[in-house]
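Here is the structure we will look at, set down as structure tokens.
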Amino acid sequence: MNSADQYLKAIYLVQETEDGPASTGAVADMLDVSPASANEMIGKLEEQELCAHEKYKGVDLTEAGIRRARDALQNYCIIERFLLEVLEVEDFRAEARQLEPVIDETVAERLDTIIDRQPQCPDCFDAETDVCSLLAHAEGVDVEEADAAD
Amino acid sequence: MSVQAVDSDHQLARLLQIGVVLEEVVEARAAKHADTADLDDEVRALLREAAAESATHRDRLDALVAELEADTVAFDEVKQLVEARYEADEDFDGVLYDQLCNEETAYKFYADLIEAIEQSEATFTIDRERLLSELRAIQHEEEDGVEEVTQLMEGRSP
């Protein structure tokens, strides 16, 4: 997945959590990059009309940005589910984060042919816990508890 | 930020395992098509050759994984998974198109993996140059595979 798609996915997830524009700081935190790097990439995405950035408010994805972000999120879900179902990786969340940049969408599509992904994907992804809610039980993540804590 | 570097034996082993699974997918699909679809001898021969080549690639990747210091899991069930989940498209165009997608996907995977290793400053248990040379050789064979299928498709287009 290229870096632009990783940013779009991060903005999408932060917007889901914050229920509004995503702050640059939160996007930078999610990707573990500096705010300056995040600002630079957000500027590039804005030039491509994938998001709109308003000072002091944050970043909003455009319709085109949302589509790409959801595709990226779906690829990420495929990687998580593949690691768990096929390679039986217990710590699939951490490994999915590591592998995400190296797994292209065409590769993810092929991996998708041998996993049992649900039709509601990627809406089943829980932004708070950074895991598909349908897989959370496999790692002991309690999504309902995390939701209730908000 | 670009394609991030591979930074450990464990991560490298995991990526090589994904390569093994992709080869398993190519092998299983090509073999199944060669055995079941209504094809002429030329296409059937191409699919059998592709299946055999993927089996070789899988063995070569397995050999690389074995040289790394990483805990990996056995996944003998992958082949059964591929067969169970795969709904065969047996018309002629579908078979060749599927084969083309398989070869292109494998090619892209090796390209991204090679780039990630080249960008990495990590020291692996396996010699980096030998690792890259083996992966480049496999990638080159995938490239030839793409070309072969494309030529066959073009030669038969109405």
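By convention in this document, chain letters (A, B, ...) are assigned in the order of the sequence lines, proteins followed by strands, and residues within each chain are numbered from 1. Remember, predicted model here, so these are calculated numbers, not experimental data.
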Check: How about A:Glu49: does its CD atom have over 12 heavy atoms from other parts shown lying under 6.0 Å from it?
Finding: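 No, CD of A:Glu49 has 12 or fewer neighbouring heavy atoms, counting only those of other groups under 6.0 Å.
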
Checklist line | B:Asp41 atom CG, neighbour heavy-atom count above 12 within 6.0 Å | finding: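 Counting other residues, nucleotides and ligands, CG of B:Asp41 stays at 12 neighbours or fewer.
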
Next item on the list: Look at the side chain of B:Gln17 and the backbone N and O of A:Leu87, then say whether any donor-acceptor pair between them is shorter than 3.5 Å.
Entry: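 No; judged by distance alone, with no hydrogens or angles, the pair does not exist.
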
Cluster link [X] to [Y], ILVMFWY, side chain under 4.5 Å:
X        : Y        : answer
A:Phe92  : A:Leu134 : no
B:Val26  : B:Tyr97  : no
B:Tyr107 : B:Leu16  : no
A:Ile66  : A:Val59  : yes

Which atom pair, heavy atoms only, marks the closest approach of [X] to [Y]?
X        : Y        : value
A:Thr106 : B:Thr105 : O-CG2, 3.5 Å
A:Val102 : B:Asp112 : O-CB, 3.7 Å
B:Arg29  : A:Arg110 : NH1-NH1, 3.3 Å

Note to self: I'd like to check A:Leu111 versus B:Val25 (side-chain heavy atoms, cut-off strictly below 4.5 Å). Are they in contact?
What the structure shows: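 Not in contact.
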
Check: Checking side chain to side chain contact (heavy atoms under 4.5 Å, CB included) for the pair A:Leu99/B:Ile18: CA distance, chi angles, key distance, verdict?
Finding: CA-CA 10 Å; A:Leu99 297 178; B:Ile18 291 174; 3.9 Å; yes

Check: Would B:Arg14 and A:Asp91 satisfy salt bridge (charged side-chain N to carboxylate O under 4.0 Å, His left out), going step by step from the backbone distance to the final call?
Finding: CA-CA 12 Å; B:Arg14 190 66 80 210; A:Asp91 195 9; over 6 Å; no

Out of curiosity, [X] [atom1] to [Y] [atom2], how far, rounded to the nearest 0.5 Å?
X        : Y       : atom1 : atom2 : result
A:Glu95  : B:Gln11 : CD    : CD    : 8.0 Å
A:Thr113 : B:Asp98 : OG1   : CG    : 9.0 Å
A:Gln98  : B:Ser8  : CD    : OG    : 6.5 Å

